[in-house]
Amino acid sequence: MLQNLETLARDAKSWPFEQARNLLAHVLKKRLSDAERDAAKLLIDAGKTDEALTTFEALNRPVILETGYGPSGLPHMGTFGEVARTTMVRNAFRALTGDHWPTRLIAFSDDMDGLRKVPEGVPNPQMLTEDLHLPLTRVRDPFGTHDSFGAHNNARLRAFLDSFGFDYAFMSSTETYRSGRFDATLLTLLERYEAVMAIMLPTLGPERRASYSPFLPISPITGHVLQVPTLERNIEKGTIVFDDPAGGRTEVPVTGGHVKLQWKPDWAMRWTALDVDYEMSGKDLIESVRESGKICRALGGVAPEGFNYELFLDIEGKKISKSKGNGLTMDQWLRYGTPESLSWYMFQSPKSAKSLHFNVIPRAIDDYLSFIDQYASQEPAKQIDNAVWSIHAGAPPRVASPVSFALLLNLVGVANASSKDQLWAYMARYLPQATPQSEPVLDQLMDRALNYYEDFVKPAKTYRAPTEQEAAAFRDLAGRLRALPADTTDGEVIQNAVYAVGKEHDFQPLRAWFAALYEVLLGASQGPRFGSFAAIYGLPQTIELIERGAAGELAG
């Protein structure tokens, strides 16, 4: 008898389910007394989440997961990673609770921040220079398409998230501050100002401490977001007094969008006001999470559950910097790899530092394809821990691609292909029933393979001449393949011949024989399963390639 999904989710070992169980424990502790929590947990463990929600009114509110975005620039790899990973946790939580408990994912844009510097690579930089220190939603749009630079980047964020099919609720800092949604919590912070300052001041240097205030007033004269000390507080009126460089001593309400909070107090205020239950962040923000959690508690809130993921590194193992441009952009990944391969890469070991460079894309694509292939034959307890379960919210495709990306890359090179039509012509012999319509993933991979080969593989190709031992083995292999029917498309039959030649010519270890095939015939240090490659490329063409390699013609 198959286990139900909730039971599988309770026992699943992959990190999204670990996080989902932590989230469940956090929400129960946050909303219920000890006795109620134990009773609710028993019901949920028994697969009766709906009964737990009915029994305990405090559980009726949705579980809130949040991700943050700073719209001074366009969405980037980190934005995708945070939303993708948080979505994986959300899907795991739904499985754990039988999808009876409503959840909500908020994509929050911190668009009320002042523009501190002009981003690189945007048009009309002079216009942005004139608008420095204005909230991003008051900075003019250098692209000329929206009411503000913040609105432009928010639109790009939403289009970006929509293109991946994420289910989220968008929130704008500007709109939320102005709407009054944060007013009650802002007034609480005004009242507990000293407690917040006691948390923040020890984290600052002497000069910063002298001028620090959690409140960043918006100048009524210039509209600038000001980093100035708070001179007076009037709790009854809900106002602060500060020295406006443009107009002297000024008093404004802390409500209605007249002030913005410094980012750590702002983060804590958001957690409190929106009742956020879960938010993950990068390892570089561990200290910030700790301080914001303290402020959240000072405001009467409960800091959310979450975890800190490792940051990506460049090919040299150095931290990726947007200013240095040593990382990989979303557009670059999607030129060479599929969205699913990127999700697979984000799933893998989020607490381990990984290189984010062009060279990881082919492996990520083929690993994703292999996980899809494994899924169909796995038992349910293995399926739920398979990365593709989390990537596809429990409903991965039944099949992916009949041909690996590595094989396509080599086919592009050996066939000197420059279009998908040429690649499909080779496929017609190997997979006569396949079409772009019946194999859409393969069709997409062809586009990526053509791009990747042209930009990275072709410039790095290095062929070498064979040794005497290798040349003799190549001639032997060509003879054995010539003995097969010319229309052979059984990759396993060809692969068996390749193995037999390697053993007979005493290659030690046997992988040295395959390395010779790749280095002499394909100009690379590694390659696809040779039998499959030959089956697609065609037996006569493969025999000719082997004979040219044996003669040393490819190295010339």
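Bear in mind the structure is a predicted one, so any value in this text is a computation, not a measurement. One-based numbering along the sequence shown.
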*Mind running salt bridge (charged side-chain N to carboxylate O under 4.0 Å, His left out) on Arg335 and Asp447 for me, showing each step along the way?*
CA-CA 8 Å; Arg335 171 172 167 78; Asp447 278 322; over 6 Å; no
*Evaluate ring pair (Phe, Tyr, Trp, His ring centres under 6.0 Å) for Trp389 paired with Tyr375, printing each intermediate quantity in order.*
CA-CA 8 Å; Trp389 191 101; Tyr375 186 87; 8.6 Å; no
*Decide yes or no on side chain to side chain donor-acceptor pair (under 3.5 Å) for Ser33 and Glu36, but give the supporting numbers first.*
CA-CA 5 Å; Ser33 67; Glu36 289 173 330; 3.3 Å; yes
*asked:* Determine whether Thr87 and Tyr168 satisfy the following criterion, side-chain contact (heavy atoms from CB on, under 4.5 Å), listing intermediate values before the conclusion.
replied: CA-CA 9 Å; Thr87 297; Tyr168 67 98; over 6 Å; no
*Run the numbers on Glu194 and Arg233 for salt bridge (charged side-chain N to carboxylate O under 4.0 Å, His left out), then give the verdict.*
CA-CA 11 Å; Glu194 297 297 346; Arg233 292 177 295 126; 3.4 Å; yes
*Please report the C-alpha distance between Lys13 and Asp385 in whole Å, then the side-chain angles of each, then the deciding distance to 0.1 Å, and finally whether the salt bridge (charged side-chain N to carboxylate O under 4.0 Å, His left out) criterion is met.*
CA-CA 6 Å; Lys13 296 178 176 59; Asp385 275 329; 5.5 Å; no
*asked:* Show, in sequence, the C-alpha distance, side-chain angles and deciding distance for Asn308 and Ser281, and conclude whether the side-chain contact (heavy atoms from CB on, under 4.5 Å) test is met.
replied: CA-CA 5 Å; Asn308 297 101; Ser281 56; 3.1 Å; yes
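Pro339 approaches Phe164 most closely through the heavy-atom pair CB-CE2, 3.7 Å. Across Pro265 and Pro214, no two heavy atoms sit closer than the pair CG-CB, 4.0 Å. Across all non-hydrogen atoms, the minimal contact from Met446 to Leu408 is N-CD1, 4.1 Å. For the residue pair Ala406 and Asp366, the shortest heavy atom distance occurs at N-OD2, 3.0 Å. Residues Phe312 and Met346 share a closest heavy-atom pair of CZ-SD, 3.6 Å. Between Trp344 and Ala387, the closest heavy-atom pair is CD1-CB, 3.9 Å.
Arg90 contributes a side-chain N or O that, together with a main-chain N or O of Thr103, makes up a donor-acceptor pair within less than 3.5 Å. Side-chain atoms of Ser163 come within 3.5 Å of backbone atoms of Phe160 as a donor-acceptor pair (strictly under, hydrogens ignored). Side chain of Lys354 to backbone of Gln348: a donor-acceptor contact under 3.5 angstrom is found. In this structure, the side chain of Asn124 engages the main chain of Pro142 through a donor-acceptor pair within 3.5 Å. Looking at Asp277, its side chain never comes within 3.5 Å of a backbone N or O of Pro304 through a donor-acceptor pair. A donor-acceptor pair is defined here as one N or O able to donate and one able to accept, closer than 3.5 Å; such a pair exists between the side chain of Trp101 and the backbone of Leu59. Put simply, the side chain of Gln262 gets close to the backbone of Ser213: a donor and an acceptor are under 3.5 Å apart. Between the side chain of Asn386 and the main chain of Phe371, a donor-acceptor pair closer than 3.5 Å is present. In this structure, Asp111 contributes its side chain and Ser172 its backbone to no donor-acceptor pair below 3.5 Å. A donor-acceptor pair is defined here as one N or O able to donate and one able to accept, closer than 3.5 Å; no such pair exists between the side chain of Arg37 and the backbone of Ala25.
A distance of 7.0 Å separates CG of Leu65 from OG1 of Thr86, quoted to the nearest 0.5 Å. Summarising the geometry, atom CG belonging to Leu409 is positioned 7.5 Å from atom OH belonging to Tyr452; distances are rounded to the nearest 0.5 Å.
Residues forming a salt bridge (charged side-chain N to carboxylate O under 4.0 Å, His left out) with Arg290 (at least two apart in sequence, or on another chain): Glu287. For His100, the side chain to side chain contact (heavy atoms under 4.5 Å, CB included) test picks out Thr49, Asp50, Leu53, with sequence neighbours left out. Partners of His224 according to the ring-ring contact (aromatic ring centres under 6.0 Å, His included) rule, which considers only residues two or more places apart in sequence or in another chain, are His133. With sequence neighbours excluded, the residues forming a side chain to side chain contact (heavy atoms under 4.5 Å, CB included) with Val360 are Trp333, Tyr345, Ser355, listed by chain and number. Asp275 is linked by a side-chain hydrogen bond (donor to acceptor under 3.5 Å, both in side chains) to Lys30, Arg61, counting only residues two or more places apart in sequence or in another chain.
Environment of CG in Asp147: sparse, with no more than 12 heavy atoms of neighbouring residues, nucleotides or ligands closer than 6.0 Å. Counting non-hydrogen atoms of neighbouring residues, nucleotides and ligands closer than 6.0 angstrom, the CD atom of Gln374 exceeds 12 such neighbours. Environment of CZ in Arg363: sparse, with no more than 12 heavy atoms of neighbouring residues, nucleotides or ligands closer than 6.0 Å.
Remark: Asp38 does not engage Lys41 in a salt bridge, criterion side-chain N to carboxylate O under 4.0 Å. Salt bridge annotation for Arg156-Asp331: absent, with no cationic side-chain nitrogen under 4.0 angstrom from a carboxylate oxygen. For the pair Arg270 and Glu66, the salt-bridge criterion is met [side-chain N within less than 4.0 Å of a carboxylate O]. Here Lys283 pairs with Glu310 in a salt bridge; the nearest charged N to carboxylate O distance falls below 4.0 Å. Between Asp162 and Arg158 there is no salt bridge, since no side-chain N of the basic residue sits under 4.0 Å from a carboxylate O of the acidic one. Between Asp34 and Lys29 there is no salt bridge, since no side-chain N of the basic residue sits under 4.0 Å from a carboxylate O of the acidic one.
The side-chain heavy atoms of Pro245 and Leu226, taken from C-beta on, include a pair separated by under 4.5 Å. Asp113 is not listed as a side-chain neighbour of Ser72, based on a closest heavy-atom distance of 4.5 Å or more. Put simply, the side chain of Pro71 does not reach to within 4.5 Å of the side chain of Phe149, judged on heavy atoms. Within the 4.5 Å cutoff, side-chain heavy atoms of Val259 are placed close to those of Ile240. Proximity of Leu96 to Phe17: side-chain heavy atoms (C-beta onward) are nowhere separated by under 4.5 Å.
None of Ile106, Thr79, Leu105 except one satisfies the side chain to side chain contact (heavy atoms under 4.5 Å, CB included) rule with Thr67; the exception is Leu105. Residue Leu115 is tested with Thr129, Leu132, Val225, Leu134 for a side chain to side chain contact (heavy atoms under 4.5 Å, CB included); the sole match is Leu132.
For Tyr336 and Phe456, the distance between ring centers is under 6.0 angstrom.
Geometrically, Arg85 does not engage Phe347 in a cation-pi contact, judged by NZ or CZ lying under 6.0 Å from the ring centre and within 45° of the ring axis.
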Anything under 3.5 Å between a donor and an acceptor, one on a side chain of residues 177-191, the other on a protein residue two or more places apart or in another chain? List them.
residue: Tyr177; atom: OH; partner: Leu261; partner atom: N; Å: 3.2
residue: Tyr177; atom: OH; partner: Asp266; partner atom: OD1; Å: 2.5
residue: Ser179; atom: OG; partner: Glu175; partner atom: O; Å: 3.3
residue: Ser179; atom: OG; partner: Thr176; partner atom: O; Å: 3.0
residue: Ser179; atom: OG; partner: Arg181; partner atom: N; Å: 3.3
residue: Asp183; atom: OD1; partner: Gly256; partner atom: N; Å: 3.0
residue: Thr188; atom: OG1; partner: Ala184; partner atom: O; Å: 3.0

